[in-house]
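Heads up, the thing below is written out as structure tokens.
Letters A, B, ... mirror the listed sequences (proteins, then strands); counts begin at 1.
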Amino acid sequence: MKGVIALIALFMMGCTGSAPAQYNYYRFNTSHAEAGDHGTEQPRIYLDQINIIGVADQQALVQYTGEHTVHIANYHYWAEHPKLLLTKETLRYLNETGFTPVLTVNASEFKQGEYRVLIEVSDLAGHYQQGAILRGSWHLYDTSAEGTTLLGVHPFNYSAPLDEDGFDALITAHQNNWQQLMKYLQSEIASVVR
Amino acid sequence: MNKEAHIEPKPRLSVIWIVPLLAVFITGWMLYQHQQNKGHQIYIKMKNADGVIAGKTEIRVRSVKVGVVESLRLQVEQKAVVATVRMDKHYDSLLTEDAKFWIVKPRIDQSGISGLNTLLSGVYIELLPGESKQRTSLYTLQDQPALISTDVEGLRYQLSSSSGEVLDVGTGIFFRNYHIGQIESAIFNTDTLQMEYGIFIDSPYDKLVTHNAIFWINSGVEISLTSEGINLNTGSLAKMIKGGISIDYPPEQGGGEIATEGRAFKLHQNFAVALERRFDLFDHYLVEFEQSIRGLKPGAPVEYRGMRVGTVEQVPARLERDGLPLYFQQGNTSIPVLIKIEYGRIYEVDAKAKQYWQENIEQWVKNGLRASLKSGNILTGAVYIELDFYNSTHPTSLGMDYAYPVLPSVPSGFTALSEQVMALLNKLNKLPLDNSLNEAQKTMQAFTALAEETQALVNGFNTTKVSEKVEKNLTQLQGTLTQLTASLKQFEKTLNNYQKGSGMVEQLTDTLQELESLSNSLKPVSKGLNEQPNMLLFDKDTLADPEPRKQQ
């Protein structure tokens, strides 16, 4: 009998806990222009889904809190998986800058004179000293009827300090890093294409 | 007073005598009644009185008591026992001359186990009444029970057998494994040296015994090893133990006219022999073999291109000329074999077959018909005689030198082979080998010269036109390979496009994406459970995330 009472008490304690924990979800600030129709003359850029390697390959925000310590957030998450978020952001940026980006998975065939971009992110985290860091490399391929040819591998390493304390500032710093990468990528592609 | 006594005369016969008279009368009447009620007295002579007890052993008909053994008397001089039997009064009519008596006791015989009830009650004597009108009072006890009661309907036939096997009385007779009768008597006839059997076929199966019926001894297990191979026939378990006589019609024939009672049939040793005897219309021929006839036995088949037309009768043929065996005569090295051509095997209407055979046999022999020995069974070494046409044989005709026509033969087997080898060696000996060798040497020299010229010609080809031609072909081949590579790449590309665009791949991709999304969603949960296993019951009390700080 005592056991039953203890079990019921335990159950009641579970049901009458404190208020639910506060979870926070984040995304980039998207104050972008509408996607324009660039016609058929604009070269197509085939974009593979962003590939995140390592601990950042998850929806929880990651912070490097020390030289060798990492904290994976318990209450602060990306609104969607960061590789989807970054892919979407890349598509949007390329579209705004005059390219016709197409996800590779949706491409039926590659044509001569078109390009393919693969971005691999190795670090996407908050940093106890550098604010937000973005590291990795991106690959540019030339496509033809015979297949794809690797034109170049471009490593990148960006860091952006936080303007203020808090997770919103961290997200803003991440977005700044990504914007820098996009500019770099756009200029490189543009130099190859045109 | 003188009184005289009155003396009454004494009665002559006292009344009291009535009592003994009455007793005598009653006794006499009883004796008379006793004599009247007593049945006939008969005597049964038996070898021994095993189990028979005076005053107790009963005489029964169909298990009804009709009499009793009154006494037993030993007759030493006749080496017998005579039983005095008193029959009941009402059964005197059973005592016919052909009535049979036997002792019923436990028996195991053809019909199974019988008489077990006598183990407790003691033996009794069974009486089988006869049909005769004559009566007798002396009988002889039978050793065996009477097989067939007089009231059983059926017909009796005779069988005669010259085979060595002797069948017992009571052996069953089977029509296609169905018991239809039995042997009633078995006697060895010393005149004909044959076993003669009297058989009884129960009604209504007596209709099965027709004029063309064949009888053979069925021993239960029959193994025959002949030139036609091993033949194994078995019957039912009972028949395997007891054997029996089988009756049937020849194959592809039905029953004919029903045989009359008493008809005699031949009892054959087995079914095959029974069938053999059907070919009653045949002619004997003699075949002389100039080779060993080892393995050829009487009964072996005579075939024409695989079709059996006859049977070997005597090996060797026991024929004489001038009082000497045929095969011992000077100038005759052949071994004669007597065969018979059975016309019933050639055609159903044997008379027509005989006419056809006799009209054509002369011409067939002229055209090359010859007899030869062929191996019928490698295991046993049995051989048979094969008739066939041989075009390369010397022309000859049907021999008529002996009592029977002689069919010409050709050697076969090893003999034929050795003859051919000998002929080949003779030809080789006759060849002018010396001249041939000279000619061959000259020819070889000519060939050598020709080979040298050919070599020179080939060298010329190698150095000039041929190499150019080969080079040209290689160039064409390279072009073809280039085209083939392009085609293969095109094919690969087409295949890739097709795979990407296929609905199944898209569906699979979507499913994998959903799974990935689900996995991502579950990662925080699994992380929380790792850090706080009771998270599902209690509040999540993991530490708050460290707030990112602005760098100083």
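Ion pairing between Asp165(A) and Arg549(B) holds under the 4.0 Å rule for side-chain N and carboxylate O.
Once rounded to the nearest 0.5 Å, the distance linking CD of Gln63(A) with CD of Glu547(B) reads 9.0 Å. Note: Lys83(A) NZ to Glu516(B) CD = 3.5 Å, rounded to the nearest 0.5 Å.
Sparse packing is recorded around NZ of Lys88(A), with 12 or fewer heavy atoms of other residues, nucleotides or ligands lying under 6.0 Å away. The 12-atom threshold is exceeded at CE of Met307(B), counting heavy atoms of other residues, nucleotides or ligands nearer than 6.0 Å. For Gln478(B), the CD atom is loosely surrounded, since the number of other residues' heavy atoms within 6.0 Å does not exceed 12.
Residues of residues 122-129 of chain A lying under 4.5 angstrom from chain B, judged on non-hydrogen atoms, are His127(A), Tyr128(A), Gln129(A) in numerical order. Taking 4.5 Å as the heavy-atom cut-off, the residues of residues 66-73 of chain A that approach chain B are His71(A), Ile72(A), Ala73(A), ordered by number.
For the pairing with Pro548(B), the side chain to side chain contact (heavy atoms under 4.5 Å, CB included) check across Thr65(A), Leu162(A), Ile171(A) returns one residue only, Leu162(A).
Residue contact with chain B, scored on non-hydrogen atoms closer than 4.5 Å, involves the backbone of Gln130(A) exclusively.
Counting all heavy atoms, side chain and backbone alike, Asp545(B) lies closest to Asn74(A) at OD1-N, 2.6 Å.
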